[in-house]
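Counting from 1, the numbers follow the sequence of the chain as shown. All of these numbers come straight from a predicted model, not from anything done at the bench. All ligand and atom numbering here is 1-based and tracks the order in the structure.
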Amino acid sequence: MTVTSSVEAARAGFRTAFGREPAGVWSAPGRVNLIGEHTDYNEGFVLPFAIDRRTYVALAAREDRTARVASAGDFDDREIDLGGITAATMSGWSAYPFGTAWGLGRVGADLDRVGGFDAYFTSDVPLGAGLSSSAALECSLAVALDETWRLDLGRDRLVRATNLAENQIVGAPTGILDQSASLLAAPDAVLFLDCRDGTHELVALGLEEEGLTVLVIDTRVTHAHADGGYASRREACERGARTLGVRALRDLEADDLARAQQLLDEETFRRVRHIVTENRRVLETVATLRRRGPRAIGELLLASHASMRDDFEISVPELDRAVESAMAAGAVGARMTGGGFGGSAIALVERAGVDAVTEQVLAAFARAGHEEPEIFAVQPSAGARREQE
Ligand code: GLA
């Protein structure tokens with residue numbers, strides 16, 4: 001869908017759901033992470049970009065303290081008193097928007113002084129594909145409420161608010177990668193973020209100039225971060241840091257690994273090694289992009305995938321197949337992206353080779369008896385914003 005038709009769809013949906021005009025439409029993108037996986041909650045480095053798939057929210061303030069949410073997806077409409085948002089009262093998709101309103105209260109908004117709101121969501125970020133559809137939803141609402149309630153919290157506090165929503169109201173122990181990408185990204189660039197102190201800068205990606213494209217290969221294997229795999233990886237990292245006497249795995253370098261191997265059990269050691277080497281790969285990717293451009297990062301993407309497959313053990317056969325078949329078809333580099341256990345891989349490919357890579361990945365999936373993946377190109381795009389009237 002074009003941006004204009006999505007904005008119109010959000011307005012029309014709002015009118016049908018609430019019987020009045022919205023005050024405005026805001027949007028926020030999904031993301032892919034170029035490299036730097038599971039490093040965020042280890043206070044390390046990440047390098048995502050926002051994609052040209054967005055969640056749109058049409059919103060209007062209310063005089064009372066009621067918040068009502070509705071969506072174009074096949075989800076129930078919900079309403080709640082703004083004062084009554086707790087993890088215990090929340091369930092289903094509305095935990096994301098209501099949690100976001102609650103999160104704003106945690107980072108400086110006085111929720112006793114603001115009124116309620118009606119919000120209607122529509123989205124072209126695929127759900128469950130590992131492309132941060134939940135962050136897109138949270139961040140679209142965060143910018144909408146920040147403006148509507150005249151909070152002026154600033155993007156960094158909106159990152160914290162939406163992340164708190166996900167951790168404490170939705171109950172998913174995720175880091176700040178997804179919300180940071182959705183709120184801070186810019187066109188044609190990757191966001192180089194230090195998750196320890198929140199400092200960030202944009203690094204030119206230069207795909208256009210180099211004749212390259214990023215393809216997303218959505219395996220359609222669903223993942224859910226409230227499930228055990230993600231949380232158990234996080235626990236292993238925290239255990240590793242505790243045993244090694246550091247605040248976070250960010251504080252370890254490659255030459256600490258020998259000591260780590262002596263002190264940790266074999267599995268925890270591999271989890272730790274992924275984080276230590278992945279942080280290094282993010283820094284190398286930034287340096288390589290700056291010095292030599294995107295064509296030179298292929299090996300780093302592949303090394304990252306191998307580390308997630310072998311050390312962190314968060315890949316699945318479909319993701320491995322996506323990476324291997326894209327490379328066999330001539331991709332410059334490829335890796336799974338996001339939390340793992342399903343979701344999507346990305347492949348960096350020559351623009352002229354998009355059709356060949358697509359066909360060969362589809363063929364490889366068919367041969368292996370996997371469900372047909374969804375394959376599409378993504379553009380590094382703008383972060384959350386108000387849409388023009
Ligand atoms: C998910 C989480 C992020 C991050 C990634 C892995 O997307 O939401 O916080 O941990 O997994 O890099």
Atom indices of ligand 1, in the order listed, that fall short of 4.0 Å to a heavy atom of [X]:
X    : result
R31  : 7 (O)
D40  : 3 (C), 4 (C), 9 (O), 10 (O)
T174 : 2 (C), 8 (O), 9 (O)
E37  : 6 (C), 12 (O)
G175 : 9 (O)
L177 : 4 (C), 5 (C), 12 (O)

key: Polar side chain donor-acceptor pair, Q179 to E166, under 3.5 angstrom   =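 Note: Q179 and E166 side chains meet the donor-acceptor criterion.
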inquiry  = Just to check, does M308 reach to within less than 4.0 Å of ligand 1 when the distance is taken from its heavy atoms?
reply    =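 No, M308 has no heavy atom closer than 4.0 Å to ligand 1.
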ask   = Less than 4.0 Å between a side-chain N and a carboxylate O, is that true for E147 and R385?
value = no
inquiry  = Assess whether a salt bridge exists between R290 and E201, defined as any Lys/Arg side-chain N lying under 4.0 Å from an Asp/Glu carboxylate O.
reply    =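 A salt bridge links R290 with E201.
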[X] to ligand 1: N or O pair under 3.5 Å?
X    : result
Y230 : yes
D178 : yes
T39  : no

key: Ring-face cation contact, F376 with R53, 6.0 Å cut, 45° max   =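 Yes, a cation-pi geometry.
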request  = Would you check if the side chain of E374 reaches a backbone N or O of D218 as a donor-acceptor pair within less than 3.5 Å?
outcome  =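 The answer is no, because no donor-acceptor pair under 3.5 Å joins these two groups.
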key: Flag, side chain of S307 to backbone of A303, donor-acceptor distance under 3.5 Å   = no
ask   = Would a hydrophobic clustering, with Ile, Leu, Val, Met, Phe, Trp and Tyr connected at side-chain separations under 4.5 Å, put F49 with L47?
value =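 Yes; L47 is reachable from F49 via cluster members.
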